[in-house]
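What follows is a single structure, written as structure tokens, with notes after it.
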Amino acid sequence: MQFLRKDKGGFLGSNYVSKGGLPVINIPGCPAHPDWITQILVAISTGRIGDVLLDDYHRPKTFFTDFVQTGCTNVISFAQKVDGGFGKRGGCLFYEVGCRGPMTRASCNRILWNRHSSKTRANHPCLGCTEPGFPHHDLAKGSIFKTMHYLGFLPKETPEGTSKLGYYLRAGFEKVVSGSERLVGVDQPQFSSSK
Amino acid sequence: MQGKDPQAGLIVTPRICGICGGSHLYCASSALDTAWKTTLPPNALLLRAIGQATETIQSIPRWFYAIFATDMANKKFANKPLYDEVVKRFAAYVGTSFQQGVSASGRPVEVYALFGGQWPHSSYMVPGGVMCAPTLKDITRAHAIMNQFRKDWLESLWLGCSIERYMQIKTWDDLMAWVEENDSQRNSDLGLFIRASLEFGLHKFGQGVGKFIAYGTYLHKDHYQKPTVEGRNAALISRSGFYDGKKYHVFDHLSIKEHVGHAWYADVPAAHPWDEPMPTPLQSHTLADSNFNEKYSWSKAPRYMDMAAEAGPLARVLMNANPDNLLPHQVFDPLFGDVIEKLGANVFTRTLARVHEAARLYTQIDEWLRQVDLNSEFYIKPEERDGKGFGATEAARGALAHWIEIENGVIKNYQVMAPTTWNVGPNDDRGNPARLKPPSKAPKSKIHMIPSK
């Protein structure tokens, strides 16, 4: 209504303010979680609109500050660079199958879906549907369920809040150290998974 | 999706529909399986079938209470003896069964979310299998959730008896005897629906075209590990077919053509979806300004062997009543062969067909959950290649199919045919109507005729 992808404007125009003095509140997602919608309505109806802070895309910060990765059950594997994949238990989906959890602001792993689950908890890479670019890369060849790489191994897109170089250095360090530990037989119970 | 990654359909097509995204995913993954010649582990076929079945069983109470039964509380029926009871239970929002039924409908898709991450709009079915690798707690929790659904709604409020008792019904007379067997069944929501429908006359209108199409669904875990278009019919648990009003025909997707003579696309000859060119949209008109001898709809008109056909639950249960071409793993349920002979197709039998599926779906989901082997694989990485694919299923509302052609590693053609186009699409190029006919003259309202679900 008030944005076209990342750019302000849209059907109502960039300066639109409602009679109640509010801009459009964007609750993104495909679909948006029903709790995100109803809880904002509850906030408005209980006189808490002043507590609803909006980000640059007018998303309520209470739901769209943390990343999908917050609360992801594979976050240790992300930190220590252990790959996951389809049909496998454990491992992080960021490295091979294009998970956008570290770049996508949404509370999918804090407010669960259908009361039980989330994409990443079911080994499904985050598609980034709460971010303006969705569907990302315009669904171009090679962009779906595959992490796009530089030089065949460096992820093209790195987690929010990191510089590319800084990320590559830290990730390379972590990968080499934890790989060496595995090689010399250090027990790594944090990566064990069980049916 | 022309020019996009071959897997684009896995992300885009579930989002075509807010209520049957899992069905689109079932088709999209199957279309890629046949195009890429994948191998599917039994676990993947089970978890896809569970996804499809939980979505369909979800739709039964949700559709019945939120969409259908509220109309039975319409004042037009106020002179009928059962009207007060119908209003008490089925009136929108305030009916005693409305809230319970709609709430119960949320349970089965919790099971979908355990394996797909969320419902709606997961993409967990991928060529070669499924993304998830469930653990013991996922399976046990799924059993517990379904059991809750059975206790909160299916047996208590809906049937008034056990699933086993209900599934003994084989004929229309059996069904009538079941209604009158005891107060619990007579006064269950299903018992009330049957009695009120006959009293209100819902069996007297809504005849349709008298021909039926079902693509069937639930590919058996042991019979579709090498997915092919040709091997699909024999691998189905819920069967496919075309019923011309007198006899059954084996379903062949090559007998389907789409017509655009009355749709807002540039005219091209009727063609099979693999052979259809990219459509050229034309200027649309409001309904009031539409000439029904020309173009008046965004929907194309699908035909089977040049005939219109009804898609949906009634078509589905009819195919399962076919005594011929029956394989040991397939459903045989004679009830609706008898019902259609005695009552024909109408609003009542169509709705009865839909709600009839609840008991069987419950038992199937339970059985499939038991068959998942936690020690075995869920996904076999396929090799990408060019080619043509076909994937189909039964969405809650009926026959749904996707056709894909991949060339040079990208999508060249992608066609989706939804059940609603079978049922309410426009006339075909020879002027023959679908299940619902266009109005003989334009109404005054300023709305478009668009396919909707």
Side-chain angles (χ1 to χ4, degrees), chain A residues 29-36 68 72-74 84-91 93 96-101 106-109 111-130 133-146 148 192-195, chain B residues 1 3-12 14-15 18 21 41 43-44 47 106-139 141-142 145 373-381 384 408-411:
Chain A
C30 192
H33 194 299
D35 276 26
W36 304 341
V68 167
C72 176
T73 47
N74 289 323
F86 294 161
K88 271 170 62 178
R89 299 189 181 105
L93 304 173
E96 296 299 330
V97 289
C99 183
R100 303 188 65 84
S107 36
C108 294
N109 275 308
I111 299 169
L112 296 181
W113 283 86
N114 310 90
R115 312 194 300 175
H116 291 275
S117 195
S118 74
K119 282 213 175 81
T120 68
R121 286 179 188 213
N123 210 40
H124 186 312
C126 168
L127 303 178
C129 73
T130 57
F134 178 77
H136 297 278
H137 305 292
D138 210 19
L139 304 167
K141 181 172 158 62
S143 71
I144 296 179
F145 306 136
K146 291 183 194 106
M148 298 170 91
S192 62
S193 60
S194 167
K195 68 173 176 176
Chain B
M1 287 193 285
K4 306 292 185 195
D5 188 281
Q7 297 191 90
L10 302 171
I11 293 178
V12 172
R15 293 174 163 83
N43 277 342
L47 288 166
R107 295 293 88 74
V109 288
E110 291 175 11
V111 173
Y112 188 103
L114 289 176
F115 304 120
Q118 65 180 70
W119 186 91
H121 299 353
S122 169
S123 301
Y124 81 101
M125 307 174 197
V126 285
V130 289
M131 292 174 173
C132 59
T135 60
L136 175 64
K137 70 176 190 313
D138 299 315
I139 303 291
R141 209 192 266 184
I145 292 167
D373 177 2
L374 297 176
N375 296 313
S376 191
E377 60 207 331
F378 296 88
Y379 172 75
I380 298 167
K381 195 175 167 67
E384 299 190 20
N408 299 323
V410 294
I411 292 172

### Query
So what's closer than 4.5 Å to chain A heavy atoms on B/P14: side chain, backbone, both or neither?
neither

### Gap between atom NZ of A/K195 and atom OG of B/S376 - 0.5 Å precision
11.0 Å

### Message
Under a 4.0 Å threshold between the charged nitrogen and the carboxylate oxygen, would B/E377 count as salt-bridged to A/K88?
### Response
no

### Message
Is B/V130 close to chain A through its backbone or its side chain, or both, or neither, when contacts mean heavy atoms under 4.5 Å?
### Response
backbone

#### Entry: Over all atoms of both residues, closest heavy-atom pair of B/H121 and A/P31
CD2-CD, 3.3 Å

### Backbone N/O of B/M131 and side chain of A/N123: donor-acceptor pair under 3.5 Å
yes

### Task
Please round to the nearest 0.5 Å and tell me the distance separating atom CD of B/Q118 and atom OG1 of A/T120.
10.5 Å

### Query
Rounded to the nearest 0.5 Å, how far apart are CZ of A/R89 and OG1 of B/T135?
6.5 Å

#### Entry: Approximate separation, where rounding is to 0.5 Å, of B/R15 CZ and A/C129 SG
6.0 Å

### Query
Which bit of A/R121 is near chain B, if near means a heavy-atom gap under 4.5 Å: side chain, backbone, both or neither?
neither

### Query
With no hydrogens and no angle check, is any side-chain donor or acceptor of B/D5 less than 3.5 Å from a backbone partner on A/L139?
no

#### Entry: Side chain proximity check, A/H116 to B/R141, heavy atoms < 4.5 angstrom
yes

### Query
Is there a donor-acceptor contact under 3.5 Å from the side chain of A/N114 to the main chain of B/A113?
no

### Task
Name the region of A/S194, side chain, backbone, both or neither, that has any atom closer than 4.5 Å to a heavy atom of chain B.
backbone

### Task
Search all heavy atoms of A/A122 against all heavy atoms of B/G116 and return the closest pair with its distance.
CB-C, 3.9 Å

#### Entry: N/O donor-acceptor pair under 3.5 Å between A/H124 side chain and B/S123 backbone
yes

### Message
As an exercise: rank B/N375, B/V410, B/I139 by heavy-atom pairs under 4.5 Å with chain A and give me the winner.
### Response
B/N375

### Query
By a 4.5 Å heavy-atom criterion (distance strictly below it), what part of B/I411 contacts chain A: side chain, backbone, both, or neither?
neither

### Task
Identify which part of B/I380 has an atom lying under 4.5 Å from any heavy atom of chain A, answering side chain, backbone, both or neither.
neither

### Message
Does any backbone or side-chain atom of A/L127 lie under 4.5 Å from a heavy atom of chain B? Answer side chain, backbone, both or neither.
### Response
side chain

### Task
Report the C-alpha distance between A/K146 and B/E384 in whole Å, list the side-chain angles of each, state the deciding distance to 0.1 Å, and finish with yes or no for salt bridge (charged side-chain N to carboxylate O under 4.0 Å, His left out).
CA-CA 13 Å; A/K146 291 183 194 106; B/E384 299 190 20; 2.8 Å; yes

### Task
Below 4.5 Å from any heavy atom of chain A, which atoms of B/F115 appear? Answer side chain, backbone, both or neither.
backbone

### Message
What's the separation between atom NE2 in A/H137 and atom NZ in B/K4, rounded to the nearest 0.5 Å?
### Response
12.5 Å

### Side chain / backbone / both / neither for B/I11 at chain A, heavy atoms under 4.5 Å
side chain

